[in-house]
Structures are given as C-alpha cells and as structure tokens.
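Contents: one structure, followed by commentary.
As the structure is a prediction and not an experimental result, all values here were calculated from the model. Quick note on labels: first sequence line is chain A, next is B, and so on, each numbered from 1.
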2 protein chains.
Amino acid sequence: MGTRQGRPVGRPRGFDVDDALERAMLVFWEHGYEGASLVNLTEAMGISTTSMYATFGNKEELFRKALERYSEGPGAYVTRALDEPTALGVATAILAGTVRTTTRAARPHGCLGVQGALATGDTARGARDRLAAWRNDVYSRVRERFQRAVDDGDLPADTDPAFLARYVTTVSAGIAVQAASGVGSDELQEIADVALRHWPIH
Amino acid sequence: MGTRQGRPVGRPRGFDVDDALERAMLVFWEHGYEGASLVNLTEAMGISTTSMYATFGNKEELFRKALERYSEGPGAYVTRALDEPTALGVATAILAGTVRTTTRAARPHGCLGVQGALATGDTARGARDRLAAWRNDVYSRVRERFQRAVDDGDLPADTDPAFLARYVTTVSAGIAVQAASGVGSDELQEIADVALRHWPIH
DNA sequence: CTTATTTTGCATCGATCGATGCAGAAACGA
DNA sequence: TCGTTTCTGCATCGATCGATGCAAAATAAG
C-alpha cells in the first residue's frame, strides 16, 4: 500500500471538527433548530459559514450530525440503560438518565430530542421529522428490550412491552419538558421514582 | 349617557376578530411561534398584515391573545377539571383532557402550551417565557387545588400537593409530546389510566 | 356636504435568513 | 519549484423575516 494514513492532501483544517460539532449541538440544544441561526452556530463553532458548509453540508446536515453526537454523548444513557440486567433497571436508568441530562447546570436544560424541533415551519420539516424518528427509535429499542425481558421471564408473561415502553418514554418526555421550564433535578428525580414505584406497571 | 353601545366611529372592520384569532391560534399550535410566519398567519386569518398589526399589535401580542384563546377554548379542560369534586377526579380529568385535546383529528396534534415555544432564538424569548409561565400557572392551580383536597381530608394529610401537581403535569406534558409525534389517543389514554392507577401517588 | 375617525390595499422598509462565488492561502507529491 | 488539492476570508446573493407609510375607502357625527 504505502502512503495510507497520514495527512490528507490539501490545506489542513484550521479547526477541530469534533469541537465545532459539539458547540453546534449545544446551540441546537439550547435554541432549537429554527431558533439557531447560522450566525449563532458559526460564531459558537468559531468558524466561517464557508467552512461550515464545506465541512458539514448545510444547516439540516449539521443538525443531523449534531443529533448523532447528542445520541453518543449526553444521550448515551439510553443505550447504556438497555444493558441493565432487568427491565426495572432499564426503566430506572432511563428516567434517571433523563433527569440528569436535562437538568445539568453547565448544559442547556431539557432534551435536544424533544425541544430541538417539536412544532416547526415548513423549512424545518426535515429536522422535525428526523427528531420524531429519533424519539421513535428510542421507544422501539426500549420496547424490544422489554420484549426480551418478557421472553426471559424477567417481566410477567402478560406484560405488554410496547405499552410499558410507551409509558417510560412518556414520563421521560414529560420530565424533559419540565426541565426545559426550569424545574430542578431533585423534584424530577422524585417524579421518576414514583413513576416506577409500582413496577411493573400494568 | 345617550349614544353608548352601537357601531364605533370610523370604517368598520371587514373581518371577524374572533375568527381571525382562532385561525391564528391554529397556526401557532401547528407550527410553533417561530415556525409561524406573518405570511402563514395572515393568510390563514384572511387579512392583510396591515389589518393584523392595527388589530393585534404585533406577532408577540397576537401570540399572547392566541394563547388566551387556547386557554379558554381547547385548553379549558384544565379549569373544568379543577371543579371536579375529588383530587383523583381532577387528575383524571386533566389527563383525559390532555389526551383528547392533543390528539383530535381535526386539530393540530400536541399542546400549544408545550410545542408553541419550548426552545427558541432570542427574538422569540418573550413567547417562550410566556409559555413557561403559562405552564407554571397550570401547575400552580393544580397544586392549590390539591392543597385544598388535603385541607378537606380528600387527600391524606401527609400528601405533598406540590409533588402531586408536578406528577400530573409531567405526565400531561409527556402525553403532549407523544401526541405531537403522532401517537394515538387510545394508547395515550391507557398511559393516563395507569399513571393514576395507584392514586394517591406518594 | 363636510369633517373626523378608523380600516384597508398596496408598496416597501431595513434586517436577517440560509447559502455561494471566488480568489488567495496552505498543505501535499513530484 | 511546480502543479494539485483543500480550506479559508471576504463579499454578497436572492428570499424571507417582522413591521410600516401612505393614501383611498368606509363609516359616524355635526
């Protein structure tokens, strides 16, 4: 092979792509897709619009990549939660993760997957649909995990995994809205606790 | 007194203010504050921008009045629910009202109070803060109603009315998000049912 | 009929929106 | 050094944003 790996041809980038994407994610998280202007984004990213378009494509693509980064960063608690040994552990971890992630002092309050683009104009339809699909993906993964718990006998045989997953994601979304409104983590963790007190819900 | 009541001086309006406000409310409900442009709004209202500004002030004032109308129309279930004789009746009516209002086929899905302006840019900060205050007002009224239930012996003396109100409004907000994502009323009503199955929550 | 008052239609404002064209700068291999 | 490739800085694009100025139109009062 030979000259694989190593600096690519051409002028090297003057900024770190991951850093810039992280900052863009924070802007989308705080202001939503429509509320985040290119000026907001590029100033936070520390780059020009030219560099942004050359690197990320356009605003919607930037949002898509920022959402990916959110899933792998602040939203990674979802995937980790699915590895909990019991269905109750999964539900508990998801709600605790939601509370923690939506109320961190140093981060925007709320959940990017909820407040990023809930109701939008026509130009933001792509971002809105993408976010709805993102939420549905979380729901589906939780549902499949609960189905496995039923199959394994961890949950009673008459449990409806879809309903249980809808319940958990609904409480999670509610917590995210409350966090966006400024409600604190202690109060929201109590909500999470009581929502699972009579688990398995049926 | 004499000539009170009767047509006001000047050229009469060529449109019905209530009709126009209703239509504006529907546009804000569907697209959110930022996603609803003046063109969207005035076309739906059937009037010119000149008439809109002369009658309602500006976009933010129009939103304020549309939110008022929402409270007295689709959102009136909250006030009605507070008149239920028991705390459980109040909670049940609020969640059932949320499900019904956020999933009507002929109306935008979701809740204007949630998706109208959850995360916004700087120019929509007024609308966002107003909506947060609106949600907080609902919470406060439910909390006061539950406090009364404690005082009356309808709820156990050791019940925390604030916590109970936060629980109900959190589930309500979660339902609103799910409805905005397209989840149907039957499934959401089941969520509402199970959320209150072990009432009073503690 | 005249005057006062209010609304409407039309044109348009400056600002901001997302997005590009282009030339120069900075790296590469030959 | 040269040619190639890629990225950056600057200027700017057309479209849309929310918002107004102004004169004609439509009513009531005198």
Side-chain angles (χ1 to χ4, degrees), chain A residues 1-21 24 27-28 31-66 117 120-128, chain B residues 1-21 24 27-28 31-66 117 120-128:
Chain A
M1 305 295 170
T3 50
R4 281 296 199 86
Q5 208 65 328
R7 281 178 157 175
V9 182
R11 176 175 173 173
R13 277 201 190 86
F15 64 97
D16 185 278
V17 176
D18 284 335
D19 281 355
L21 190 53
V27 173
F28 281 129
H31 297 298
Y33 180 81
E34 286 177 325
S37 72
L38 263 295
V39 175
N40 293 152
L41 290 162
T42 53
E43 279 186 356
M45 298 165 85
I47 63 177
S48 66
T49 63
T50 312
S51 296
M52 195 287 284
Y53 278 92
T55 306
F56 300 100
N58 57 30
K59 188 185 179 183
E60 193 171 337
E61 280 296 295
L62 177 63
F63 181 73
R64 183 179 67 75
K65 285 158 182 160
T120 70
D122 291 334
T123 62
R125 175 172 293 175
R128 189 196 54 190
Chain B
M1 306 292 173
T3 50
R4 280 297 198 86
Q5 208 63 328
R7 282 178 156 173
V9 181
R11 176 173 173 172
R13 279 202 188 87
F15 66 97
D16 185 279
V17 175
D18 285 335
D19 281 355
L21 190 54
V27 174
F28 280 129
H31 298 298
Y33 180 82
E34 285 177 324
S37 71
L38 262 297
V39 175
N40 293 152
L41 290 163
T42 52
E43 279 186 355
M45 298 165 85
I47 64 177
S48 66
T49 62
T50 312
S51 295
M52 195 287 285
Y53 278 92
T55 307
F56 300 100
N58 57 30
K59 189 185 180 185
E60 194 170 338
E61 279 296 295
L62 178 63
F63 181 74
R64 184 179 66 77
K65 285 159 183 160
T120 71
D122 291 334
T123 62
R125 175 171 293 176
R128 189 195 56 190

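With DNA chain D read from its 5' end, the first of the two nearest nucleotides for A/Pro12 and B/Ala36 is the one closest to A/Pro12. Mapped onto DNA chain D by nearest heavy atom, A/Gly10 and B/Val9 fall at different nucleotides, with A/Gly10 at the one closer to the 5' end.
The B/Lys59 side chain lies nearest to D/dA19 when the options are C/dG18, C/dT8, D/dA19. In the set D/dT27, C/dA19, D/dT5, C/dA19 carries the atom at the smallest distance from any side-chain atom of A/Asn58.
The backbone N or O of B/Thr120 sits nowhere less than 3.5 Å from a side-chain atom of B/Glu34 that would complete a donor-acceptor pair.
Taking atom CE on B/Met52 and atom C1' on C/dT8, their separation rounds to 15 Å, with Å as the unit. Atom CZ in B/Phe63 sits roughly 13 Å away from atom P in D/dG18 (whole-Å rounding). Rounded to whole Å, atom P of D/dA19 lies 11 Å from atom CD of B/Glu61. In this structure, B/Glu43 places its CD atom 10 Å from P of D/dC17, rounding to the nearest Å. As a whole-Å value, the separation of A/Arg13 CZ from D/dT5 P is 17 Å. The distance between atom CD of B/Glu34 and atom C1' of D/dG18, rounded to the nearest whole Å, is 13 Å. Between A/Tyr53 atom OH and C/dG18 atom P the separation is 7 Å, expressed in whole Å. Summarising the geometry, the separation between CG on B/Asn40 and P on D/dC17 is reported as 7 Å, rounded to the nearest angstrom.
No engagement by A/Ala124 is indicated, since no non-hydrogen atom pair under 4.0 Å with the nucleic acid exists. Across all strands shown, A/Thr50 has heavy atoms under 4.0 Å from base atoms, whether or not it also approaches the sugar-phosphate.
Donor-acceptor pairing under 3.5 Å, judged by distance alone, is present between the side chain of B/Arg11 and the base of C/dT7. Counting distance only, with no hydrogens placed and no angle test, the side-chain atoms of A/Thr49 and the base atoms of C/dT20 include a donor-acceptor pair under 3.5 Å.
Between the CE atom in A/Met45 and the CG atom in A/Leu62 there is a gap of 4.5 Å [rounded to 0.5 Å]. Note that CZ of A/Phe56 is 10.5 Å distant from CG of A/Leu41, once rounded to the nearest 0.5 Å.
Taking the six-membered ring where the residue is Trp, B/Phe28 and B/Phe63 present perpendicular rings, their angle passing 60° and hence far from 30°.
OP1 or OP2 of D/dC17 sits under 4.0 Å from a side-chain N or O of B/Ser37.
Shown here for B/Met52 and B/Lys59, the closest heavy-atom pair between the two residues is CE-N, 4.4 Å.
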